[in-house]
There are 2 protein chains.
Amino acid sequence: MAEGQKPTINDVARISGVSKKTVSRVINKSPLLGEATRKKVEAVIAELGFVPNLQARALAMGRNFLIGLIHDNPNAQMVLGVQEGILDTIRDTEFALVVHPVNRHSPTLADDIRRFIEQQRLYGVMLLPPLSERDDLAELCRDLGCTLVRMGSARLDDDEHLVASNDRQAVSEAVAWLVELGHTRIGFVAGPEGFRSANEREQGFLDGLAAAGLTLDPAIAARGTYRFESGKAAGEKLLSAAEPPTAVFSSNDEMAAGILHAARERGLNVPEDMSIIGFDDTATAAHIWPPLTTVRWPIRTMASTAAAKLIRPASAASEPSFFLSDLIRRASAVPHRS
Amino acid sequence: MAEGQKPTINDVARISGVSKKTVSRVINKSPLLGEATRKKVEAVIAELGFVPNLQARALAMGRNFLIGLIHDNPNAQMVLGVQEGILDTIRDTEFALVVHPVNRHSPTLADDIRRFIEQQRLYGVMLLPPLSERDDLAELCRDLGCTLVRMGSARLDDDEHLVASNDRQAVSEAVAWLVELGHTRIGFVAGPEGFRSANEREQGFLDGLAAAGLTLDPAIAARGTYRFESGKAAGEKLLSAAEPPTAVFSSNDEMAAGILHAARERGLNVPEDMSIIGFDDTATAAHIWPPLTTVRWPIRTMASTAAAKLIRPASAASEPSFFLSDLIRRASAVPHRS
DNA sequence: TTGTACGCGTTATCAA
DNA sequence: TTGATAACGCGTACAA
C-alpha cells in the first residue's frame, strides 16, 4: 500500500477486493452498481481518506475543473463580492476558482488572456466589466473552447452566457427619488466614454429626467473616469455653474466622494446645499460623511448565478440573467429646500 | 495529427522528427541539448501553437502548479492587493492562483481548508491574517504536504514561511508624528482581542507614548472590532470623556471613519477639534473628509515576495521577510491648537 | 546528445 | 453488475 503517500484508486480497489473501474463507478455515483459493493467501497474510501486526484481525472476526462475569473479591477469590493459569489456555488463541487487580474491597457492583453486559458486549460471563464464588454475577448475565449459567462450592465450576450444588472432602470429610479424630494435642477456626472455601464447609467438618468418632464442642462453635466479625482473635477465644474444644481447623480460612488470633496472645499454643506446620489454601494459609501445614498446591485448573487451557468451549462438558460438593483437611501439626499 | 484537437507532445515530436523525450527537454530547457535540434523543435512548437498540458505534467511530476490563497476577507482592498502581488510574481510562470475565501467562524473551517488543499492538491498556499495567526491551520497545511507562507504583522514563522509588516514600529512612528504636532492627550482605539495585528499596533502605540514620556489614560481608550460601527462606538466613548483627546490613533481606517462619524454627530470638526490617524490606507482613507492620515503597508510587494518564497523554496530564505510601512500624512492630523 | 519503455491516477471500451 | 485493458499527455530511468 501507500507508505506515507496519498492512497490511490488502486489501493482502494485492492483493499476492497474489487476492480479499479468499480471504485471509479462509486466515485462517480454510477447508477448501475450493487448496493453492497458500493457500501463496501465507500467504507474503504473513508477509512483510507482517499481523495481522487483531480489532475489525473482531468487528464483522463479531457476536461478539468478550473473556473477562471478575468478582470481589470473595476473596484476591489466588487471583485471580492464576485469571488465570494462564485465560491458560494462551487464550494461543494470539485471546481476551483482561478483568478487572473489583467491590465486592459496592456498591448498584450489578448495574448495574456489566451495564454492563461490555454495553459491552465480552463473549463470556463467569467469576464467582468469593462472587459466583458469587449466582443473580441469573448470570441477569443470561445475559440479556445472555453465556456464563458459575461457580467455586465446590459444585454451583452445571450441568456446562457450573461448575468446583468439593469443599471438603466436603477438610475432612472434614483432620479425619480430626487424628483420626489423636490429637486428639479439635477446635475449629472457620467462615467467614461466607451463603457457600457456608463452609457446605461446615462440613459437611465435621462429617462428619469424625461419622466419628470425635465431636461439636462449641459452646464451642470460632466464626464468622469469613475475615479475619485475626476469626480472632484466634475464637482468643481458643476458647482461653478452660473446656477448650480441642487442635487447631483454621480455614475459611481468613488466620483461621488470626489464631488463631496469639491463641495467641501467651496465651503458648501452636503446634503443641505446639495444632495448627492452615487452608484455601486461600495464600502466607502456608508463610511463617508454624509452616508451616501446609492444604488446597490446584487453582485454576489449575480456571480453565484454566473458560476452556476458555467458549471451546469445544461441548465444555464433557465437561470435568471437580469437582476434588480436597490436604491439605498442614506443621508446624502434630502428634500430640496425651496 | 490532431484534427481540431490541441496538438500534443507527440505531434511535435513526429513533425520535427525527434523523440518525445527531446521535445520534453526543450520544454523544460534542459541544458544538454544540441542547439540545432532545439531551434528545430522550437520552430515546430511555435508553428503548431503547442502548449504543454499542465494536468498531464502535474500527474507525471507528482506536483502541480496551483498556489492557493486562503483568507477570511480582512478587507477587500487588501485581498485584491495580495492577489495582484502574487500575480506579479507568477504571471510568466506556469503557476496559477486559486482563491478560497472562508469563514473563520465556521465550525468546519479546518475541514474546509483540508478539503480544498487535498482536492486541488495545491503546490503551496498563502494564509492571510487573521487566519495566518493560527498555528493549527499552518500545521494542517504542512501535514498535507503543502508549502506555506504566512502574511502577518509579527514574527509568526521562520523567514522561509513569512512575510510581515512591522506594525509595531509603524504605529510608534505615527504616534511620534502626533507628538511632533504638539498633541499630548492622545486617545487610542484598539483592534479586536486575539488579533496579532491588534496586539502589535497596541504595543506600538504604547511605545510611541512612552518615547514621549506620555501614558495612556484608560478614559480615552477603547477596543473595537476593526469594523466601522465599532469605531463609531469607540469614538463616542472617547469624546464623552471628561477630558476628551485632542488626537486619536485608530488601529485601522474603517474604525477611523467611524470615529469621524461620531465626532460629526457631536458637532465637532475634524481635524480642528481633534486629529485622527488610521491604519491600512484603504481606498476609503483618501476619499473621506478630511483625507485620513494613515499607515500604508506595502501589501502588493509583500504578496509578491510571498509568492516568490512559495514557488522558489530554495531561495525563500534569502528573500526579505519584514517590510516597512509608510506614514501617509494627510489633512486629518494637524498641529494641536493650544 | 538522443531515444525506448514505462509509470503517474484516472476514465472509457468492451466483453463477461 | 463487474472487470481486464487501453487510453489521456507528459516525465524519467536507463540505454544507446
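Note: hydrogens, waters and symmetry copies are ignored here, and every other heavy atom, side chains too, is used. Every chain is numbered from 1, with letters handed out A, B, ... down the list of sequences.
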*asked:* Does Leu33(A) reach a base, just sugar-phosphate, or nothing at all? Heavy atoms under 4.0 Å.
replied: sugar-phosphate
*Under-4.0 Å salt bridge between Asp159(A) and Lys309(A)*: no
*Just how far, in rounded Å, is C1' of dG9(D) from CG of Asn64(B)?*
16 Å
_Tell me whether the side-chain N/O atoms of Thr37(B) come closer than 4.0 Å to OP1 or OP2 in dT1(C)._
no
_d(CD, Glu94(B); C1', dC10(D)) in whole Å_ = 12 Å
_Minimum heavy-atom distance Cys141(A)-Ile117(A), with the two atoms named_ = SG-CD1, 3.7 Å
*Assign Gly62(A) to base, sugar-phosphate, or nothing according to its heavy-atom contacts below 4.0 angstrom with the strands shown.*
nothing
*What is the distance, rounded to the nearest whole Å, between atom CG of Leu59(B) and atom P of dC6(C)?*
18 Å
*Within this structure, what is the CD-to-P distance between Gln119(A) and dG9(D), rounded to whole angstrom?*
17 Å
*Heavy-atom protein contacts under 4.0 Å, nucleotides 10-16 of chain C, coded B base, S sugar-phosphate only, - none*: BBB----
*Donor + acceptor pair across side chains of Glu94(A), Gln120(B) (<3.5 Å)*: no
_Between the side chains of Arg150(A) and Asp158(A), is the shortest nitrogen-to-carboxylate-oxygen separation below 4.0 Å, so that they form an ion pair?_
no
*Please state how far atom CZ in Phe65(A) lies from atom C1' in dC8(D), giving the value in whole angstrom units.*
13 Å
*Length of the line joining Arg63(B):CZ and dC10(D):P, which is rounded to integer Å*: 16 Å
*Ion pair Lys6(B)/Asp11(B), N-O distance below 4.0 Å*: no
*Look at Thr22(A) and dG3(D) and indicate whether a side-chain polar atom (N or O) is within less than 4.0 Å of OP1 or OP2.*
yes
*Any chance you could lay out the side chain to side chain contact (heavy atoms under 4.5 Å, CB included) test for Leu162(B) and Phe322(B), step after step, and finish with the verdict?*
CA-CA 8 Å; Leu162(B) 174 73; Phe322(B) 277 89; 4.3 Å; yes
